[in-house]
Amino acid sequence: MTVVEPTTGKLTVHKVKIGMLAGAALAVALALLPGAAHAVDLLANVVPGARTELTVKMQILIIMTLLGLLPVMVMMMTSFTRFVIVLSLLRQALGLQQGLPNRVITGVALILTLLVMRPIGDQIWTEAFVPYDQDKIGLDTALQIAQQPVSRFMLAQTSKAALRQIAHLAGEDHVTDPTKHAFTVKLAAFVLSELKTAFQIGCMLFIPFLVIDLVVASVLMAMGMMMLSPLVISLPFKLLLFVLVDGWTLTVNTLVTSIQAY
């Protein structure tokens, strides 16, 4: 914010807070992309002194960048990827490609993600955003504080094999402590682990419905009804089975409890 002094007529740059709206957006960005602290580290290597004092313009630039990357941050740094893949596989197993829209799948996955990530968001709000909003810490410090709980969450869900593989590709074989790896290394390993876990859960959900499809197809073949699609007959049976076992409750419980404690 730039203010003109009436006495001297000179322009003086005053330190101001970004504002309530931008501050709330920053809290969301901090909760989802603490990896921006890595960008601050890179900036400090290029511009001496940038780490200790970020100008208002630089802070606004970082915040706007975080907001622009918000969809990617939600998908890659939370459990959203696991949830949406499992729900998509469940829809395919049930044969409801048209009966269960993508918006519903995405909405359910997003709600479950907010439920799982709420403790991390509360911690970041208390330890990072509130001190930053009160001018007790700078933006770079707030990003570093926000990075810690998200890193712990990702490491808790990351398999050791995936972390070793990514660390080898990144040339960090010498790092023995997982917490000492670069944020990009932890993020890549986390994404690979999430994909593997999602496929494992999806496979377990797929098998019972696959058995129903096989049984129905075999019966139709034995009856000589070659022209009748097995999906038309098996769909009511799969839906009935899913409702009888309270499938949505079991699925949600499986997804939420699959998140490891951090």
Side-chain angles (χ1 to χ4, degrees), residues 15-44 50-56 58-84 109-158 163 177-191 193-194 255-262:
K15 182 180 180 182
V16 295
K17 291 184 290 187
I18 301 304
M20 183 175 297
L21 179 60
L26 173 63
V28 177
L30 288 176
L32 299 177
L33 188 56
H38 181 66
V40 176
D41 292 335
L42 295 178
L43 179 63
R51 181 175 183 79
T52 59
E53 185 66 25
L54 292 177
T55 64
V56 175
M58 183 60 66
Q59 294 184 33
I60 295 177
L61 176 61
I62 294 177
I63 293 173
M64 292 299 103
T65 302
L66 295 181
L67 294 179
L69 296 176
L70 188 60
V72 178
M73 290 146 37
V74 172
M75 290 188 295
M76 296 293 100
M77 297 186 183
T78 65
S79 54
F80 178 82
T81 301
R82 178 188 306 191
F83 295 160
V84 74
L110 183 58
I111 292 175
L112 294 178
T113 302
L114 294 176
L115 176 66
V116 171
M117 302 299 294
R118 184 180 62 179
I120 297 179
D122 293 340
Q123 182 179 356
I124 293 175
W125 178 273
T126 304
E127 300 179 1
F129 173 73
V130 173
Y132 170 76
D133 187 58
Q134 297 175 352
D135 286 334
K136 295 181 179 179
I137 58 176
L139 179 61
D140 53 344
T141 305
L143 291 173
Q144 291 178 358
I145 295 175
Q147 176 181 336
Q148 298 174 5
V150 178
S151 295
R152 288 196 299 267
F153 169 80
M154 292 194 302
L155 287 177
Q157 321 309 320
T158 303
L163 186 59
D177 187 2
T179 59
K180 301 300 182 182
H181 284 293
F183 188 84
T184 52
V185 173
K186 291 182 285 188
L187 176 59
F190 169 74
V191 172
S193 299
E194 286 293 285
L255 290 175
V256 175
T257 55
S258 67
I259 303 298
Q260 301 297 323
Y262 49 92

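Count residues from 1 along the sequence. Just the heavy atoms: all of them, side chains too, but no hydrogens, waters or symmetry mates, feed the values below. The shown structure was predicted, so the numbers you read here are calculated from the model rather than taken from an experiment.
Around atom CZ of Arg152, more than 12 heavy atoms belonging to other residues, nucleotides or ligands sit under 6.0 Å away.
Between Phe183 and Met77, the shortest heavy-atom distance links the atoms CE2-CE, 3.7 Å. In terms of heavy-atom proximity, Phe80 sits nearest to Ala109 at CE1-CB, 3.7 Å. Closest approach of Gln123 to Pro149, counting heavy atoms only: OE1-CB, 3.6 Å. Considering all non-hydrogen atoms of both residues, Ala142 and Tyr132 come closest at CB-CB, 4.1 Å. Of all heavy-atom pairs between Leu187 and Met76, the closest is CD1-O, 3.4 Å. Across all non-hydrogen atoms, the minimal contact from Pro178 to Leu163 is CB-CD2, 3.8 Å.
Leu61 contributes atom CG, which lies 4.5 Å from atom OG1 of Thr65 (distance to the nearest 0.5 angstrom). Atom OG1 of residue Thr158 and atom CZ of residue Phe153 lie 9.0 Å apart, to the nearest 0.5 angstrom. Taken to the nearest 0.5 Å, the CD atom of Glu194 stands 7.5 Å off from the OG atom of Ser258. In this structure, CE on Met117 lies 8.5 Å from CD1 on Ile259, to the nearest 0.5 angstrom. For the atom pair OG1 of Thr78 and CE of Met154, the computed distance is 10.5 Å after rounding to the nearest 0.5 Å. Considering CD1 of Ile124 and CD of Gln147, their distance stands at 10.0 Å, rounded to 0.5 Å.
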Criterion side chain to side chain contact (heavy atoms under 4.5 Å, CB included) on Lys186 and Ser151, from CA distance to verdict: CA-CA 7 Å; Lys186 291 182 285 188; Ser151 295; 3.3 Å; yes
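Under a 3.5 Å cut-off, the side chain of Thr81 and the backbone N or O of Met75 do form a donor-acceptor pair. Listed for the Glu127 side chain is no donor-acceptor partner under 3.5 Å among the backbone atoms of Ala146.
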